[in-house]
2 protein chains.
Amino acid sequence: MSTPRFESIRDIPLFADMAQESFDALTRGSYVQNFPPNMVMISEGETPDFLHIVQSGCVELFSTWSNRETSVTTLYENSTFILAATIKDQLILTSARTLQKSRIIMIPSENVRSVFKTDPEFAMAIVEELSRCYRATIKNMKNLKLRTSLERLANYLLKQHRRQGDVLEYQLPIEKRRLASYLGMTPENLSRAFNNLKPYGVAVDGQTITITDMATLVAFAKPDILID
Amino acid sequence: MSTPRFESIRDIPLFADMAQESFDALTRGSYVQNFPPNMVMISEGETPDFLHIVQSGCVELFSTWSNRETSVTTLYENSTFILAATIKDQLILTSARTLQKSRIIMIPSENVRSVFKTDPEFAMAIVEELSRCYRATIKNMKNLKLRTSLERLANYLLKQHRRQGDVLEYQLPIEKRRLASYLGMTPENLSRAFNNLKPYGVAVDGQTITITDMATLVAFAKPDILID
DNA sequence: TGCTGATCTTGACTTTTATCAATCAGGAAG
DNA sequence: CTTCCTGATTGATAAAAGTCAAGATCAGCA
């Protein structure tokens, strides 16, 4: 009964602890879809028919209002999205587009809600995942409200540094204009912000970031475990 | 076994559907505490020993970083806080202070985690609550990133109008300086923003708001079910 | 190789927002 | 009814961020 197509996600935290029969029930009627880059898969305001999981590639959640657009977050392999809307069966709050060619697993929302009721391990995992996303969003909001755009950029660069294995030189994972949107600023200002960080130990060449003076950058950014 | 002190919260969604014995197990070792106004009950970075519920009064969640402070949200009767941190047993992300004299129910985090495992109705209710808070925070972030401060104020005034029963004249529920902080602006700018909304049909006298031209205000604010 | 379109950068300028300082208003206590 | 304190408002100024326009750079592709 277990479909090999879905085994790749069996080990991610949301599904790792659930009984095999629950996993089978969950993936019944699920499917995998390939999307080209820059394709809008979901538009905000829609009804959540499927829980989505990024199997490979990269997805941006974004939102628009009154001719303005902002990047909410970027998701990579094994990330889920549309979970809260699926659970509550309410309107989706953010649109989703691929940034690269991506494979997306889609699980019928009805399956999620029914297996949630019968498998306590899955219920627990959902609570963990929701709590994690909720806390990440609170941190994001604190970042936006408590820091200037220059401070946000400095902390972003430090976080990427950690994520990419503490190397001092690394590539930005997303386009600068999307980074600007994520950080709540314009592309023009992001460009200037990179220049303004030069005295604090940041060198930029295209997509390549080099941290030339970690101590100074950290002193300026003041990273905080309750935000970053 | 049921303690009458806690019956006041029995009907709120988080506890309404759970078995009585679960509720008793949950409230065992819980207690009610009275706080004077303007008292910090919880400081961010602490460990979540208790799930908190506002029985009466009013609580502000706020956060500080580098000598700056921002209001995250204001909670009234029957609201819970510290839920996500309790579930994950991780550091609390926002501080909490009373704005008025308040009665707070405190449930040991250990009880929440253990009853969560044994009572599926409670587990379901927690998921509902977490999803609700998560979605509210996403909306909050969209509000901050997609709108100017004037637009945020206009939409806030419309939302209060609805909350207070669609009356055209009502009292602001919180101090203006806290409203300013919640909306991501300074008190000085909030004052100016109120003046700037005058042509759009808003009159202010102290704490009293009067919407003098609803159509114009709505046209300016462009309220959106995916944000407000 | 060179064309093409998108992204990125830079400069000039405008708008928005914050800061600082002074004044005003309103409630609590004597 | 004063006095005092806190919060609200106003004006002047500074800083931050956005807008517009012009080039520069880069990647994809014929």
Side-chain angles (χ1 to χ4, degrees), chain A residues 36-39 60 62 65-71 97 99-101 143-154 156-157 171-200 202-209 220, chain B residues 36-39 60 62 65-71 74 97 99-101 143-154 156-157 171-198 200 202-209 220:
Chain A
N38 216 37
M39 159 127 302
E60 178 188 48
F62 67 101
W65 180 81
S66 185
N67 281 327
R68 290 165 226 171
E69 176 180 323
T70 191
S71 177
R97 72 160 72 90
L99 296 186
Q100 309 165 2
K101 185 170 177 304
N143 193 34
L144 282 166
K145 290 183 79 176
L146 289 168
R147 289 176 172 155
T148 65
S149 59
L150 200 59
E151 290 165 342
R152 292 197 294 274
L153 176 59
Y156 177 88
L157 295 177
Q171 303 293 114
L172 288 175
I174 54 174
E175 285 174 302
K176 286 180 182 172
R177 65 191 181 118
R178 294 190 202 279
L179 175 57
S181 180
Y182 171 70
L183 294 175
M185 57 207 286
T186 58
E188 292 94 328
N189 262 326
L190 178 63
S191 235
R192 294 178 187 116
F194 273 122
N195 284 329
N196 293 338
L197 281 184
K198 211 173 288 178
Y200 296 105
V202 175
V204 185
D205 179 24
Q207 296 271 104
T208 306
I209 304 296
F220 173 75
Chain B
N38 216 37
M39 159 127 301
E60 178 188 47
F62 67 101
W65 180 81
S66 185
N67 282 326
R68 292 165 226 171
E69 177 180 321
T70 191
S71 178
T74 308
R97 71 159 73 91
L99 296 185
Q100 309 164 1
K101 186 170 176 302
N143 192 35
L144 281 166
K145 290 183 79 177
L146 289 168
R147 288 175 172 157
T148 66
S149 60
L150 200 59
E151 290 165 343
R152 292 197 294 275
L153 176 59
Y156 176 87
L157 295 177
Q171 305 291 113
L172 288 176
I174 53 174
E175 286 174 300
K176 286 181 182 171
R177 67 192 178 118
R178 296 190 200 279
L179 175 57
S181 179
Y182 171 70
L183 293 174
M185 56 206 290
T186 57
E188 292 95 326
N189 263 325
L190 178 63
S191 236
R192 294 178 186 117
F194 273 122
N195 284 329
N196 292 339
L197 281 184
K198 211 173 287 178
Y200 297 105
V202 174
V204 185
D205 178 24
Q207 298 270 105
T208 307
I209 305 296
F220 173 75

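All values below were derived from every heavy atom in this structure, side-chain atoms included, with hydrogens, water molecules and symmetry-related copies excluded. Order of the sequence lines sets the chain letters (A, B, ...), proteins ahead of strands, with each chain counted from 1.
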Without decimals, in angstroms, what is the distance between [X] [atom1] and [N] [atom2]?
{"X": "B/Asn196", "N": "D/dT10", "atom1": "CG", "atom2": "P", "result": "11 Å"}
{"X": "B/Leu183", "N": "C/dT16", "atom1": "CG", "atom2": "C1'", "result": "16 Å"}
{"X": "B/Arg68", "N": "D/dA16", "atom1": "CZ", "atom2": "P", "result": "10 Å"}
{"X": "A/Leu190", "N": "C/dC8", "atom1": "CG", "atom2": "C1'", "result": "10 Å"}
{"X": "B/Leu172", "N": "D/dG7", "atom1": "CG", "atom2": "C1'", "result": "14 Å"}
{"X": "A/Asn38", "N": "D/dA27", "atom1": "CG", "atom2": "P", "result": "18 Å"}
{"X": "A/Leu197", "N": "C/dT9", "atom1": "CG", "atom2": "P", "result": "13 Å"}
{"X": "B/Gln207", "N": "C/dG27", "atom1": "CD", "atom2": "C1'", "result": "12 Å"}

*If only side-chain N and O atoms of A/Asn195 are considered, is one of them under 4.0 Å from the OP1 or OP2 phosphate oxygen of C/dT10?*
yes
*May I ask you to evaluate whether A/Asn189 reaches the phosphate of D/dA17, defined as a side-chain N or O under 4.0 Å from OP1 or OP2?*
no
What's the closest nucleotide to the [X] side chain, out of [options]?
{"X": "B/Arg192", "options": "C/dA12, D/dA17, D/dA12", "result": "D/dA12"}
{"X": "B/Thr186", "options": "C/dT19, C/dT17, D/dA17", "result": "C/dT19"}
{"X": "B/Lys176", "options": "C/dT9, D/dT9, D/dG18", "result": "D/dT9"}
{"X": "B/Glu175", "options": "D/dT19, C/dT17, D/dG7", "result": "D/dG7"}
{"X": "B/Thr148", "options": "C/dT17, C/dT7, D/dA17", "result": "C/dT17"}
{"X": "B/Ser149", "options": "C/dG11, C/dT17, C/dC8", "result": "C/dT17"}

*Hey, does A/Glu188 reach any base, or is it just sugar-phosphate, or nothing, if we go heavy atoms under 4.0 Å?*
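The residue A/Glu188 makes base contact.
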*Pick the nucleotide of DNA chain D nearest each of A/Arg147 and B/Arg177; which residue has the one closer to the 5' end?*
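By nearest-heavy-atom nucleotide position, the 5'-most residue is B/Arg177.
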*Carboxylate-amine/guanidinium contact B/Lys145 A/Glu69, below 4.0 Å*: no
*Please determine if A/Glu60 and A/Arg177 form a salt bridge, counting it only when a charged side-chain N lies under 4.0 Å from a carboxylate O.*
no
*Separation between CD of B/Gln207 and CG of B/Leu179, rounded to the nearest 0.5 Å*: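 B/Gln207 CD to B/Leu179 CG: 9.5 Å, rounded to 0.5 Å.
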*Which heavy-atom pair separates B/Gln171 from B/Thr208 by the least distance, and what is that distance?*
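Nearest pair, atom of B/Gln171 first, then B/Thr208: OE1-OG1, 2.8 Å.
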*Do you know the tightest heavy-atom contact between B/Arg178 and B/Ile174?*
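So the two residues come closest at C-CD1, 4.2 Å.
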